[in-house]
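What follows is one structure encoded as structure tokens, with my remarks underneath.
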Amino acid sequence: MVRKRVPSLLNPRGRANDGNEKLSVKPRCVFFSILIGLMMYVGALPLLLKSAKASEARHLDGDNLSLVSTVTALRIGRGGNALSLSKTPALKGAERGTVKCDVNVDSLAYWNSPQGLRDRLFQSPFAGKERDGKPRYLTFEPDRGGWNNLRMSFENVVVIAAATGRTLVLPPDQPLYLLQNDPQHVERNFGDFFNLYTPEFSSRITVITTEEFISREGSKDGRFTIPDSMKDGVANAQKKCQHRKKSDIACMFVYDYLKEISFSPSIHGEQSCLIFDEGRLNSKPMDQQKLDDDRVKKFCQGRRAVYYDKEFRDAPVVHLRASERGFRLLCHFYAFILFTDPVHDNFFKRFIRDHIHYNDAIICAAGKIVDALQREGLSRGFVRDEEGAGGFSSMHVRRGDFQWKNTRLSAEEWQKNTRDLWRENEILYVTSDEKNRSFFEPIAAHHDLRFIEDFFDTAGLKDVDPNYIGMIESVVASRGKQFCGTYFSSFTAYIGRLRGYYGMSEKTMWYGQEGRHAETHVWVDPQSSYSAREFPVGWVGIDGDEEVSGFLK
């Protein structure tokens, strides 16, 4: 599908440039270059910029037309992270994704949909063969931490399912930590937040519920008959469960059964790394093994290397005990799982980017808030970039139950440490678990602050699932021209990855803590503590076929 290019401030004629093509220089371009040079000489350029801002403002007229809808047609190659077309064969046939919303917020879709033809046809060399037409399964226990810990662990599960060709069995619906804001719908699952049932996702991973698995395989005629001693507990908890061990619907009834019938690998995000290497399944020359072993040593950084082997591949059911202390997958998928072939490694990085993104309701609400912020910013003279970001800046102040006490700064410290980041008269969008807004008065004395509650009506939040609020805020914060967050916070970290997916410069993200302020500005490979921050290897150059070891110039 060819989408119409919409005129914008940075591309007023709506001309498409996907970031990979070479632009030819025509006589008309030379003429305008000379004209602009003369205007700069006589001091007329400010008038030109003022006219451009006015042109963008004119796009705001009309019903259901958002400012973010006027952004330049989006490139498949993203900002500073875009490789040349010759180096991104996986992008051929790809299109930038869209968002179903009552206003146009497509510029917030950082993913590709559809993916490139090569990705759509990709066959994992690690997928085992079904025996007698019987599927192989991957079951798992969700992490017991907050949402971003849950998401982090789930991304690892999804990569393993996709790489091994297993049917993914979702755990029973259950209360998720800090996501119990809807009393009519306390028990949740990952399908409430991600699009797990689209044709594109289903072509790679079949997803079923625990209840479906039990019905299919746990009966007397199934392959994994439930022992009599477990039948009542499993029957009660297979659809909805609770974490209380003494509950009649305790999740452990199901988890104990799954552990009984499965192969459960001994893996832990901080203590081990999972390696997918074809040579460990099929013999390869020793010199190639030595090369791969060197890569593994560098990747694992002293962690125990666990290789995907025939036992893992051939087990009818693999169960990940990710809720247990010694088995948590609290590590970014690209820092825990290594495919020694960079072509495979980058495929699965794209797979997470393009498929494990928030659902349309979340992105739609976020887009409306971004639109309102950018409208106000434009009235003050602040314009967006060609990818639709900017017009305001953002910060994340983590407080609440944060275990890293030394990163909990006072408002005075936040003001002191960030005062040089913000432009005069610029709006700051603040996301924080600090409910006492008077806390921010030392910052508000110098800057105009906006919070999520300022957009309750604008974004229609009364009709939005209350458990989406934090996710909406992370998307909004990711679109600020500059962003400053809290070190050790997985919420801040994910905002950093979103900014990377959007193609924003690493030099526009900061931390409020002294000593960490510009840490993201320098290339660092994943290292302990892995969940404290995100690492650019997760998004830089992932549309290519080669391993990347530095920022793209």
Side-chain angles (χ1 to χ4, degrees), residues 145-149 177-181 365-366 369-370 372-373 376-377 380 382 391-459 461-462 464 466-496 498-499 508-520 532-533:
W147 168 248
N148 281 289
N149 291 349
Y177 181 58
L178 298 180
L179 293 177
Q180 302 172 39
N181 299 310
I369 296 174
V370 171
L373 287 164
E376 186 175 5
R380 301 180 179 208
F382 298 103
F392 67 99
S393 284
S394 53
M395 60 193 302
H396 170 228
V397 177
R398 180 71 160 91
R399 292 178 62 76
D401 61 351
F402 201 35
Q403 62 178 310
W404 307 102
K405 305 301 182 184
N406 60 334
T407 65
R408 293 182 59 178
L409 306 180
S410 67
E412 289 79 7
E413 289 174 302
W414 275 103
Q415 167 59 24
K416 173 178 174 291
N417 295 348
T418 65
R419 60 189 176 189
D420 295 333
L421 300 181
W422 321 125
R423 297 168 291 177
E424 184 178 357
N425 203 36
E426 183 180 34
I427 300 164
L428 293 185
Y429 180 82
V430 180
T431 174
S432 177
D433 55 354
E434 175 58 71
K435 302 305 181 185
N436 182 5
R437 298 311 194 196
S438 64
F439 169 85
F440 297 97
E441 289 177 356
I443 306 174
H446 302 274
H447 307 285
D448 286 339
L449 307 185
R450 300 291 180 270
F451 299 93
I452 185 75
E453 58 265 28
D454 296 323
F455 305 96
F456 191 83
D457 293 329
T458 300
L461 297 182
K462 66 180 178 61
V464 171
N467 292 300
Y468 289 171
I469 296 301
M471 301 163 204
I472 292 168
E473 291 215 75
S474 65
V475 176
V476 174
S478 74
R479 306 311 281 141
K481 181 177 179 64
Q482 303 282 338
F483 168 69
C484 185
T486 302
Y487 197 78
F488 281 119
S489 165
S490 55
F491 185 88
T492 280
Y494 191 56
I495 292 171
L498 293 179
R499 293 173 71 84
T508 63
M509 178 173 171
W510 312 80
Y511 289 111
Q513 291 71 26
E514 291 183 336
R516 303 282 191 184
H517 200 48
E519 185 161 314
T520 62
R533 54 163 288 182

State, with a plain yes or no, whether a side-chain heavy atom of Leu461 is found less than 4.5 Å away from one of Tyr468. no
Hey, are Tyr511 and Glu519 close enough side-chain-wise for a donor-acceptor pair under 3.5 Å? no
Give me the atom names and distance for the closest heavy-atom approach of Asn467 to Leu178. OD1-O, 4.5 Å
Among Met509, Arg533, Met395, side-chain contact (heavy atoms from CB on, under 4.5 Å) partner for Thr492: Met509
Of the non-hydrogen atoms in Ala365 and Ala459, which two are nearest, and what is the gap between them? O-CB, 3.8 Å
With rounding to the nearest 0.5 Å, note down the distance linking NZ in Lys462 to CZ in Phe456. 7.5 Å
Quick check: do Phe491 and Thr486 have side-chain heavy atoms less than 4.5 Å from each other? no
Go through the steps to decide whether Phe440 and Ser432 satisfy the test side-chain contact (heavy atoms from CB on, under 4.5 Å), and finish with yes or no. CA-CA 10 Å; Phe440 297 97; Ser432 177; 3.6 Å; yes
I want to check something: taking the side chain as every heavy atom from C-beta on, are Cys484 and Trp422 in contact at a cut-off of under 4.5 Å? yes
Distance col, row Leu428:CG vs Thr418:OG1, nearest 0.5 angstrom, shows 7.5 Å
So, does Ser490 use its side chain to make a donor-acceptor pair with the main chain of Ala532 at under 3.5 Å? no
Do the side chains of Arg450 and Phe455 get nearer than 4.5 Å, heavy atoms only? yes
Using salt bridge (charged side-chain N to carboxylate O under 4.0 Å, His left out), reason through Arg398 and Glu434 one step at a time and then give a plain yes or no. CA-CA 7 Å; Arg398 180 71 160 91; Glu434 175 58 71; over 6 Å; no
Please confirm whether Tyr429 and Phe451 have ring centers closer than 6.0 angstrom. no
Rounded at 0.5 Å granularity, tell me how far NE2 in His396 sits from CD1 in Ile495. 6.5 Å
Of all heavy-atom pairs between Gly512 and Asn417, which one has the smallest distance, and what is that distance? O-ND2, 2.8 Å
Is the count of non-hydrogen atoms from other residues, nucleotides or ligands lying under 6.0 Å from Glu424 atom CD greater than 12? no
Supply the atom-to-atom distance Gln513 CD to Ser489 OG, rounded to the nearest 0.5 angstrom. 9.5 Å
Minimal non-hydrogen separation, Val397 against Asp433, with atom names: O-OD1, 3.7 Å
d(Ile369 CD1, Thr458 OG1) to nearest 0.5 Å is 8.0 Å
Can you tell me how the ring of His517 sits relative to the ring of Trp510, calling it parallel under 30°, perpendicular over 60° and tilted otherwise? tilted
Can you find a pair of side-chain heavy atoms, one from Arg499 and one from Phe483, that are under 4.5 Å apart? yes
How many angstroms lie between atom CD of Gln482 and atom CG of Asp420, to the nearest 0.5 angstrom? 11.5 Å
Validation row: Asp448, Glu426 side chains within 4.5 angstrom (heavy atoms): no
So, do Phe382 and Lys481 sit near enough that their side-chain heavy atoms are less than 4.5 Å apart? no
With no hydrogens and no angle check, is any side-chain donor or acceptor of Arg399 less than 3.5 Å from a backbone partner on Leu409? yes
Give a yes-or-no answer on whether the side chains of Glu413 and Ser410 include a donor-acceptor pair shorter than 3.5 Å. yes
Would you sort out whether Lys416 and Glu412 count as a salt bridge (charged side-chain N to carboxylate O under 4.0 Å, His left out), showing the intermediate values? CA-CA 6 Å; Lys416 173 178 174 291; Glu412 289 79 7; over 6 Å; no
Shortest non-hydrogen contact from Ile452 toward Ile469: CG1-CG2, 4.2 Å
Non-hydrogen atoms of Val430 and Glu473 that approach each other most closely: O-OE1, 4.0 Å
Does the side chain of Glu441 reach to within under 4.5 Å of the side chain of Ile443, using non-hydrogen atoms? no
